Amino acid sequence: MLGILQPPSERKVQMTSKGSVIVTGASTGIGYACAAGLDARGYRVIAGVRKQEDADRLKAATSDRLVTQLLDVTRSEDVAAAAAEGAEAALESPVVWLVNNAGITVNG
């Protein structure tokens, strides 16, 4: 049965037993909140951040389930490394969500 057809207690179990979630743009703001919140709900989170200090701050605030990946979406080698990390995570637990929050600004 899906979501609203299940009693609330069963929905909670379904929501918190899980898989992996990839969150890009997890250094601050919405991405950080998503990564931390999903970790708190029991998901294995792979959080893409741009700087090591952002990774350290996020790791200090979350569980050992959360792993960080340095990811600048404008660098193809970072994107390839993040894709490889996601593929490896899928071997341990299926990737159930992608929160694609990272972005760039293009002025013109």
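Computed from a predicted model, the values in this text were never measured in an experiment.
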*Do L70 and V49 pass the side chain to side chain contact (heavy atoms under 4.5 Å, CB included) test, and can you show the C-alpha distance, the side-chain angles, and the key distance before you say yes or no?*
CA-CA 5 Å; L70 293 180; V49 297; 4.0 Å; yes
Restricting to non-hydrogen atoms, name the atom on [X] and the atom on [Y] that form the minimum distance, rounded to 0.1 Å.
X: C34; Y: V23; value: CB-CG1, 4.3 Å
X: S27; Y: D54; value: OG-OD2, 3.1 Å
X: A102; Y: G25; value: CB-N, 3.6 Å
X: A81; Y: Q69; value: CB-NE2, 3.6 Å

What distance do [X] atom [atom1] and [Y] atom [atom2] have between them, rounded to the nearest 0.5 Å?
X: T62; Y: Y32; atom1: OG1; atom2: OH; result: 7.5 Å
X: L71; Y: E77; atom1: CG; atom2: CD; result: 11.0 Å
X: L38; Y: I22; atom1: CG; atom2: CD1; result: 12.0 Å
X: R57; Y: T28; atom1: CZ; atom2: OG1; result: 7.0 Å

### Message
Looking at R75 and D72, is there a salt bridge between them, counting it only when a charged N and a carboxylate O are closer than 4.0 Å?
### Response
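Salt bridge flag = no for R75 with D72.
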Under 4.0 Å between a Lys/Arg side-chain N and an Asp/Glu carboxylate O for D56 and K59?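 Salt bridge flag = no for K59 with D56.
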- Examine W97 and V95 and state if one hydrophobic cluster contains both, with Ile, Leu, Val, Met, Phe, Trp and Tyr joined whenever side-chain heavy atoms are less than 4.5 Å apart.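 They do not share one cluster, since no chain of ILVMFWY contacts under 4.5 Å joins W97 to V95.
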Indicate if L58 and L98 have the same hydrophobic cluster label, given that clusters are the connected sets of ILVMFWY residues with side-chain heavy-atom separations under 4.5 angstrom.
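Each belongs to a different hydrophobic cluster.
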Q | Beyond-backbone contact of T74 with R50, side-chain heavy atoms, under 4.5 angstrom | A |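 With C-beta onward as the side chain, the pair stays apart.
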Exercise. Carefully, step by step, assess V73 and D78 under the rule side chain to side chain contact (heavy atoms under 4.5 Å, CB included).
Key: CA-CA 7 Å; V73 297; D78 284 6; over 6 Å; no
Can you confirm whether R44 is buried at CZ, in the sense that more than 12 heavy atoms of other residues, nucleotides or ligands lie under 6.0 Å from that atom?
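Counting neighbours around CZ of R44, more than 12 heavy atoms of other residues, nucleotides or ligands fall under 6.0 Å, so yes.
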Would the distance check show the side chain of S20 and the main-chain N or O of V45 forming a donor-acceptor pair, the cut-off being under 3.5 Å?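 Checked: no pair found.
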